[in-house]
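Below: one structure, written as structure tokens.
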Amino acid sequence: MNDLNYILNNKEHVQELLKRKLYDCNLDELVDLVAKKRKLQQITETNKAEQNKLSKSVPQVKKAGGDVQEIFAKVKALSNENKENEENLKDLETKINKIVFALPNLPDEDLLGGGKENNKPIYIFKEQPKFDFPIKDHVELAESLGLIDYQRAAKIAGNGAWIYTGLGARLEWALINFFISEHIKDGFTFILPPHLLNYESGFTAGQFPKFEQDVFVLNDFNPERFLLPTAETALVNLHRNEILGDSELPKKYFAYTPCYRKEAGSYRTEERGMIRGYQFNKVEMVEYTKEDDSDRAFEELVGKAKSLVEKLGLHYRVSKLAAGDCSHSMARTYDIEVYLPSMNIYKEVSSVSNARAYQARRGMIRYKDEEGKIHYCHTLNGSGLATSRVFPAILEQFQQKDGSVLVPEVLQPFMGGIKVLKPIKK
RNA sequence: GGAGAAAUACCCAAGCGGUUGAAGGGGUCGGUCUUGAAAACCGAUAGUAGGUGCAAGCCUAGCGAGAGUUCGAAUCUCUCUUUCUCCGCCA
């Protein structure tokens, strides 16, 4: 949610910024609605003040033996008038909220407008790996090495699923353990949140009301709950409706959870194997900061995500996303994209974003400065990392001529010292 | 899943239709006393959201959430949520 007064005072600029985010809107209606609402609010509140004053005088008048009926009639009249005003007010507010809640975050000024095509790689690690033999894709490798069972996954779950088996499960778990140990080293607080969250959490993170179709909603609950699409949704709600102390910030969290996503209408044929499923594992980092500290935190999170991929030894790049490719709630996003030789493309393993005060405003996440003044926090999040993209990248980038795959050194301690994954005989 | 109880400010807690936006206690902050501290005493102490104003301030909302009854609701009614106790079931 954006600052309403800022929108009102900078209408043209806001429209222009949102256009960079490929969100075309005319805010005239909003400005008009807010003006109407504030005017009506003034009238209603003045009435209400009068009504309260009269009501309060009843006991004294009664005691003095005065006529109370006259006051009753007056208050009743005011009350009726106000009832109508209040209904109109509520109506106006609903209309205003509908517009404001749906507005995306404003992109940072330095971002290029437009979509994916304007993303800019700003950092590259290592060279593209060269192979002097015909390479296999990760699906072939995962199957020949006995790491993933796609057939049985379809049997027991349906499409968009896979099963980690044996060493595959151990490799997956080693990745998660490696990430966790790095974050602990960096002083981040480990959180294991619930996977079923309530509507308010979805609203604060920015999933609702606009992206309800992307998550699994469970209507057996009253009120409904949903499966978290990323641990960010949980972490960013930890301090919802709270006022943090000045000295508590920055707060640094990370969590491991599976992420559940509908991904309606996804690129199924192109993305076979484990690139896109209904469920994938991810370790997620979230920071809460003061307003003037979020740029620092952003660099920190990008740096952390980079260092994880680097320690694994994978060739990757960092892309600065164009405004239109940043997600709805975010002012700025850098993607860490790992190279998949079989497809000759770079796939996101981490997305680091600064939401600035957008989520904090939705969830009333605030802090009190030394002078006792209340401010909105800034929230940032970054994957650290999503395993379902790292796993294939490891298989593909580290494959050998004999069909085996080298296990990155940093993972070996988490895999009982296994250094090579060898093809299994069928 | 069944039965019951509860939700009031930083914490505990009174209030059960009207000078209550809230007694009392604790805490916290300031002061007196003291060489200093403790104790005692005195004083202060709703945070928040929205509106309005250059500002001091003022107005509105707000006693778990929402709706209702009433001239008037923390107080009465309904719905929901959460917590606790007991029973059942269970990792």
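Below, all heavy atoms of this structure are taken into account, side chains as well, without hydrogens, waters or symmetry copies.
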Between [X] ([atom1]) and [N] ([atom2]), how many Å, whole number?
{"X": "A:R366", "N": "B:U48", "atom1": "CZ", "atom2": "P", "value": "8 Å"}
{"X": "A:L33", "N": "B:G51", "atom1": "CG", "atom2": "P", "value": "15 Å"}
{"X": "A:E248", "N": "B:C10", "atom1": "CD", "atom2": "P", "value": "15 Å"}
{"X": "A:R361", "N": "B:G50", "atom1": "CZ", "atom2": "C1'", "value": "14 Å"}
{"X": "A:L244", "N": "B:C10", "atom1": "CG", "atom2": "C1'", "value": "15 Å"}
{"X": "A:D3", "N": "B:G50", "atom1": "CG", "atom2": "C1'", "value": "13 Å"}
{"X": "A:L54", "N": "B:G18", "atom1": "CG", "atom2": "P", "value": "19 Å"}
{"X": "A:E86", "N": "B:G50", "atom1": "CD", "atom2": "P", "value": "19 Å"}

[atom1] atom, [N] versus [M]: distance in rounded Å?
{"N": "B:U79", "M": "B:G4", "atom1": "P", "answer": "13 Å"}
{"N": "B:G64", "M": "B:A7", "atom1": "P", "answer": "8 Å"}
{"N": "B:G66", "M": "B:A74", "atom1": "P", "answer": "13 Å"}
{"N": "B:A55", "M": "B:A61", "atom1": "P", "answer": "23 Å"}
{"N": "B:G18", "M": "B:G31", "atom1": "P", "answer": "41 Å"}
{"N": "B:U75", "M": "B:A65", "atom1": "P", "answer": "11 Å"}
{"N": "B:A23", "M": "B:C11", "atom1": "P", "answer": "16 Å"}
{"N": "B:A67", "M": "B:C12", "atom1": "C1'", "answer": "31 Å"}

What pairs meet the ring-ring contact (aromatic ring centres under 6.0 Å, His included) rule with one or both residues in residues 61-113 of chain A, with sequence neighbours excluded?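 Those involving residues 61-113 of chain A are A:F101-A:F203.
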When you match A:E87 and A:Q60 each to their closest nucleotide on RNA chain B, which lands nearer the 5' end?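 So the residue in question is A:Q60.
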Flag this pair as yes if the NZ/CZ of A:K304 is under 6.0 angstrom from the six-membered ring centre of A:F188 and inside a 45 degree cone about the axis; otherwise no.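 Ring-cation test returns yes.
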Let me confirm one number: the CG-NZ distance from A:N88 to A:K36, rounded to the nearest 0.5 Å.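 Here the rounded value is 10.5 Å.
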Donor-acceptor contact below 3.5 Å, side chain [X] vs main chain [Y]:
{"X": "A:T387", "Y": "A:N281", "answer": "yes"}
{"X": "A:N105", "Y": "A:S329", "answer": "yes"}
{"X": "A:D32", "Y": "A:D28", "answer": "no"}
{"X": "A:E87", "Y": "A:E84", "answer": "no"}
{"X": "A:E396", "Y": "A:S342", "answer": "yes"}
{"X": "A:N118", "Y": "A:G113", "answer": "yes"}
{"X": "A:K282", "Y": "A:T230", "answer": "no"}

Tell me what A:L78 touches on the nucleic acid: a base, only sugar-phosphate, or nothing, going by heavy atoms under 4.0 Å.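 Contact class for A:L78: none.
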Heavy atoms under 4.0 Å, any strand shown: does A:I243 hit a base, just sugar-phosphate, or nothing?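 Here A:I243 touches the backbone only, sparing every base.
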Side chains of residues 12-19 of chain A: which donor-acceptor pairs under 3.5 Å do they make with residues two or more places apart or in other chains?
residue	atom	partner	partner atom	Å
A:H13	NE2	A:E109	OE2	2.8
A:Q15	OE1	A:L27	N	2.7
A:E16	OE1	A:R20	NH2	3.1
A:E16	OE2	A:R20	NE	3.2

Close approaches to RNA chain B from residues 34-46 of chain A, in residue order (heavy atom, under 4.0 Å):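 Per residue number, the list reads A:R38, A:Q41, A:Q42, A:E45.
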Counting only non-hydrogen atoms, which of residues 88-106 of chain A are less than 4.0 Å from RNA chain B?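 By residue number: A:K90.
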Stepwise side chain to side chain contact (heavy atoms under 4.5 Å, CB included) test for A:E29 and A:K95: CA-CA 10 Å; A:E29 194 197 351; A:K95 283 181 183 154; 5.5 Å; no
Quick one: do the A:T44 and A:N82 side chains pair a donor with an acceptor below 3.5 Å?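 Looking only at side-chain atoms, A:N82 and A:T44 do not form any donor-acceptor pair under 3.5 Å.
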Do A:E284 and A:N381 get their side chains close enough for a donor-acceptor pair, meaning under 3.5 Å?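 A:E284 vs A:N381: donor-acceptor pair found between side chains.
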Could you check A:F190 against A:F254 for ring pair (Phe, Tyr, Trp, His ring centres under 6.0 Å), going step by step and ending with a plain yes or no? CA-CA 5 Å; A:F190 191 9; A:F254 77 96; 4.7 Å; yes
Please map the stems of RNA chain B, keeping only stretches of three or more Watson-Crick or G-U wobble pairs with both distances under 3.5 angstrom.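 The stems that RNA chain B takes part in, listed by first number, are B:1-7 with B:81-87, B:10-12 with B:24-26, B:27-32 with B:40-45, B:48-52 with B:57-61, B:64-68 with B:76-80.
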Does a side-chain N or O from A:N52 land closer than 4.0 Å to OP1 or OP2 of B:A61, or not?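 Result: yes.
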Output one letter per nucleotide in nucleotides 69-82 of chain B: B when a protein non-hydrogen atom lies under 4.0 Å from the base, S when only the sugar-phosphate is that close, - when neither is. --BS-------SSS
